[in-house]
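For clarity, every value in this text was computed on a predicted model and none was experimentally measured.
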Amino acid sequence: MQRCFAKGFTLVEVLVAMFVLAVGALGAAATQATVARLREQAALESEAVQLAASLSARMLANPAQMALPDAANPYLQLDYDADDGAPDAPPMQCFGGAGCNAASLAQFDLYETAQRVHQAFPGGRIAVCRDATVWNPALQAPDWDCVSSAQAPIVIKLGWRMHARQGQPASGAHAFVTMVVPG
């Protein structure tokens, strides 16, 4: 009597192959999600650096306001949180030097900066102050609090809320970009 052996795959082999394929597909999907989150974070960091540099240049271009004492300097009063709503428009729109004085120009600069924070950063916050210790060693992160002294450098702190991971609350706005204003 002659025996016939079937050639091909058994059901167990097919199931194992499908399991390996499913694990690989899940790994690829998780990698794609991580890459998308990191790409968004990098784009926000780049935008934040550009915004801080722009505000720094505007501050340096308005020496009359920068020469004022800290309590009267409008730039050093900026502490805007996007959760408080859209910023109030300044009394005068200073496009192309339309007869604006130094104080009006400073108000316009701060409005445009706050408007960009409101539009571009999820739960964004920006603060300008004198700060001698930007880094908080206890938190191992930049700190929103300002340790003010006349000799401390002027810094721009800009942060935003990160997207919450599943099952976790969204973290608060953290200062992800901190820039020292030269001069």
> Between Val117 and Arg125, is any pair of side-chain heavy atoms under 4.5 Å apart?
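No. Closest side-chain heavy atoms not under 4.5 Å.
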
> Any side-chain heavy atom of Val128 within less than 4.5 Å of one from Val181?
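No, side chains not in contact.
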
> Hey, can you pull the donor-acceptor pairs under 3.5 Å for the side chains in residues 99-106, sequence neighbours left out?
unit_1, atom_1, unit_2, atom_2, d
Asn101, OD1, Ala103, N, 3.2
Asn101, OD1, Ser104, N, 2.7
Asn101, OD1, Ser104, OG, 2.9

> Say whether Tyr111 and Met66 are linked into one hydrophobic cluster, either directly or through other cluster members, by side-chain heavy-atom distances under 4.5 angstrom.
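No, because Tyr111 and Met66 fall into different hydrophobic clusters, even though each may have its own neighbours under 4.5 Å.
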
> Please report the closest heavy-atom contact between Ala86 and Tyr80, naming both atoms and the distance.
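What the structure gives for the nearest pair is CA-OH, 3.9 Å.
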
> Strictly distance-based, threshold 3.5 Å: is any side-chain N or O of Thr31 a donor or acceptor partner for the main-chain N or O of Gly27?
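Such a contact is found between Thr31 side chain and Gly27 backbone.
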
> Please find the pair of heavy atoms, one from Cys129 and one from Lys157, that lie closest to each other, and give the distance.
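Taking every non-hydrogen atom into account, SG-CE, 4.4 Å.
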
> First locate atom CD of Gln107, then atom OH of Tyr75, and finally report the distance between them rounded to the nearest 0.5 Å.
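One gets 10.0 Å once the value is rounded to the nearest 0.5 Å.
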
> Looking only at heavy atoms, which two atoms of Gly123 and Asp83 are closest? And how far apart?
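What the structure gives for the nearest pair is CA-OD1, 3.9 Å.
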
> Whether the side chain of Ser56 engages the backbone of Ala52 through a donor-acceptor N/O pair (distance < 3.5 Å, no angle test) should be reported.
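Absent.
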
> Closest approach of Val180 and Pro153, non-hydrogen atoms and distance?
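Val180 and Pro153 have their closest heavy atoms at CG1-CB, 3.8 Å.
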
> Please check: side-chain N/O of Thr113 versus main-chain N/O of Asp109, any donor-acceptor pairing under 3.5 Å?
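A pair under 3.5 Å: yes.
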
> Is a side-chain donor or acceptor of Glu40 paired with a backbone partner of Val35 at a separation under 3.5 angstrom?
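No; judged by distance alone, with no hydrogens or angles, the pair does not exist.
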
> Return the CG to CG distance between Asp88 and Leu110, rounded to the nearest 0.5 Å.
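Between Asp88 CG and Leu110 CG, I get 12.5 Å after rounding to 0.5 Å.
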
> Is the closest side-chain heavy-atom distance between Trp160 and Gln41 below 4.5 Å?
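Trp160 vs Gln41: side chains touch.
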
> Quick check: closest heavy atoms across Leu51 and Phe121, and the distance to 0.1 Å?
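Closest heavy-atom pair between Leu51 and Phe121: CD2-CE1, 3.9 Å.
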
> Please lay out, stage by stage, how Leu55 and Leu78 fare under the test side chain to side chain contact (heavy atoms under 4.5 Å, CB included).
CA-CA 11 Å; Leu55 179 58; Leu78 178 62; 4.0 Å; yes

> How close do Ile156 and Met59 get, counting heavy atoms only, and between which atoms?
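Residues Ile156 and Met59, closest heavy atoms: CD1-SD, 4.3 Å.
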
> Quick one: CD1 on Ile154 to CG on Leu76, what's the gap to the nearest 0.5 Å?
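Going from the CD1 atom of Ile154 to the CG atom of Leu76 covers 4.5 Å.
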
> For the residue pair Val49 and Met179, establish whether any side-chain heavy-atom pair is separated by less than 4.5 Å.
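They are in contact (side-chain heavy atoms under 4.5 Å apart), so the answer is yes.
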
> Roughly how far apart are Arg39 CZ and Thr34 OG1, rounded to 0.5 Å?
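The distance works out to 11.5 Å.
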
> Mind checking side chain to side chain donor-acceptor pair (under 3.5 Å) for Glu112 and listing every partner two or more places apart, or none if nothing turns up?
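So Glu112 forms a side chain to side chain donor-acceptor pair (under 3.5 Å) with Arg58.
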
> Mind checking the OG1-CG spacing from Thr178 to Asp131? Nearest 0.5 Å is all I need.
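The OG1 atom of Thr178 sits 8.5 Å away from the CG atom of Asp131.
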
